[in-house]
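One structure is given here, and the rest of the page talks about it.
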Amino acid sequence: MRSALLLCASLAGSAQAQRLTATEAGVGAAALAARRGFFGAELGLARRPGGQARLALAGAGGSSEGRAGVRLEAGAQFLVNPAARSGASLYGGLGVAFLGARGARGAGYLTLVLGVESAAGRASGWYGELGLGGGLRVAAGRRWRRFPA
């Protein structure tokens with residue numbers, strides 16, 4: 001009986017260890033090809049609560065039709081291999097975005113994103129994304145991850 005309890009406790013501990021939580025920060029560049037285009041520098045924050053989920057926020061400042069513009073995005077993503085220590089991992093997600101520019105009316109959009117990132121289980125790596133939402137969005141940059149001790 002005691003052995004069975006110890007075995008169950010060790011299996012539960014190893015299952016919890018596989019639920020890799022992380023806090024992420026990123027910097028990159030983003031461009032939106034649409035009737036009202038946009039390009040600029042992007043900053044992002046994300047939280048991986050465990051498993052294959054990531055909740056992400058991104059903000060980009062730049063130019064939209066020659067005017068100062070901003071694009072804000074929030075989404076939920078699914079990571080195919082969140083513990084990968086090497087190679088590239090795919091992810092996809094859904095969310096919402098807002099695009100606004102000085103002197104122009106802002107607009108909100110539903111978004112769809114498909115991305116690839118390097119070594120999702122390591123402290124840093126590059127990423128690249130393609131997305132839809134107000135046009136075709138392309139983004140690339142670098143992410144830094146902080147895992148609990």
Side-chain angles (χ1 to χ4, degrees), residues 10-149:
S10 69
L11 289 176
S14 66
Q16 184 64 21
Q18 291 175 353
R19 294 187 56 84
L20 195 59
T21 63
T23 301
E24 301 178 343
V27 63
L32 181 70
R35 186 171 48 116
R36 193 168 115 198
F38 172 85
F39 68 92
E42 181 175 71
L43 296 174
L45 288 174
R47 178 71 179 155
R48 289 169 33 185
Q52 294 177 288
R54 173 168 45 212
L55 303 173
L57 299 171
S63 177
S64 177
E65 301 293 313
R67 303 174 179 159
V70 65
R71 188 170 193 282
L72 305 173
E73 186 170 352
Q77 299 172 351
F78 175 82
L79 287 73
V80 174
N81 191 359
R85 304 288 292 160
S86 64
S89 296
L90 293 174
Y91 61 92
L94 299 170
V96 294
F98 170 81
L99 176 63
R102 179 169 291 187
R105 185 175 177 179
Y109 305 98
L110 293 176
T111 62
L112 173 68
V113 67
L114 180 62
V116 62
E117 64 186 327
S118 68
R122 289 197 178 261
S124 69
W126 55 263
Y127 71 92
E129 294 179 349
L130 283 176
L132 295 174
L136 177 65
R137 178 180 164 270
V138 177
R142 186 140 187 98
R143 281 196 183 112
W144 292 270
R145 302 172 191 95
R146 182 171 186 174
F147 300 100

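Count residues from 1 along the sequence.
- Scored by the side-chain hydrogen bond (donor to acceptor under 3.5 Å, both in side chains) test, Arg67 finds no partners at all (sequence neighbours excluded).
- Counting non-hydrogen atoms of neighbouring residues, nucleotides and ligands closer than 6.0 angstrom, the CZ atom of Arg142 exceeds 12 such neighbours.
- Between Leu32 and Arg71, the closest side-chain pair of non-hydrogen atoms falls below 4.5 Å.
- Evaluation of the side chain to side chain contact (heavy atoms under 4.5 Å, CB included) rule for Gln52 yields Phe78, Pro82 as partners, not counting sequence neighbours.
- Rounded to the nearest 0.5 angstrom, Leu132 CG and Thr111 OG1 are separated by 9.0 Å.
- Listed by chain and number, the residues in a side-chain hydrogen bond (donor to acceptor under 3.5 Å, both in side chains) with Ser89 amount to none (sequence neighbours excluded).
- Judged as a salt bridge (Lys or Arg N to Asp or Glu O under 4.0 Å), not a single pair has a partner in residues 75-85 (not counting sequence neighbours).
- In this structure, the side chain to side chain contact (heavy atoms under 4.5 Å, CB included) partners of Ser118, at least two apart in sequence or on a different chain, are Trp126.
- Partners of Val138 according to the side chain to side chain contact (heavy atoms under 4.5 Å, CB included) rule, which considers only residues two or more places apart in sequence or in another chain, are Leu130.
- Qualifying side-chain hydrogen bond (donor to acceptor under 3.5 Å, both in side chains) partners for Glu129, counting only residues two or more places apart in sequence or in other chains: Tyr91, Arg137, Arg143.
- A search for salt bridge (Lys or Arg N to Asp or Glu O under 4.0 Å) contacts involving Arg54 returns Glu24, Glu117, not counting sequence neighbours.
- Leu45 and Ala25 make their closest contact through CD2-CB, 4.1 Å (heavy atoms, listed as atom of the first residue, atom of the second, distance).
- Applying the side chain to side chain contact (heavy atoms under 4.5 Å, CB included) rule to Leu90 yields the partners Val80, Val116; only residues at least two apart in sequence or on another chain are considered.
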Check: Where do Gln77 and Val113 land on the side-chain contact (heavy atoms from CB on, under 4.5 Å) test, with the steps shown first?
Finding: CA-CA 8 Å; Gln77 299 172 351; Val113 67; 4.1 Å; yes

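- The number of heavy atoms from other shown groups lying within 6.0 Å of CZ (Phe39) does not exceed 12.
- The two atoms that bring Ala139 and Glu42 nearest to each other are CB-OE1, 3.9 Å, heavy atoms only.
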Side-chain donor-acceptor distances from residues 100-110 under 3.5 Å, at least two apart:
none

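- The closest side-chain heavy-atom distance from Thr21 to Pro49 is not below 4.5 Å.
- The two residues Phe38 and Ser64 make their nearest non-hydrogen contact at CD1-CB, 4.1 Å.
- The two residues Gly121 and Leu20 have their closest heavy-atom pair at CA-CD2, 4.2 Å.
- Looking at residues two or more places apart in sequence or on another chain, you find a side-chain hydrogen bond (donor to acceptor under 3.5 Å, both in side chains) between Thr23 and Arg47.
- Between Val27 and Leu43, the shortest heavy-atom contact is CG2-CD2, 3.8 Å.
- Minimum interatomic distance between Arg36 and Leu99 (heavy atoms only, all atoms of both residues): NH2-O, 3.3 Å.
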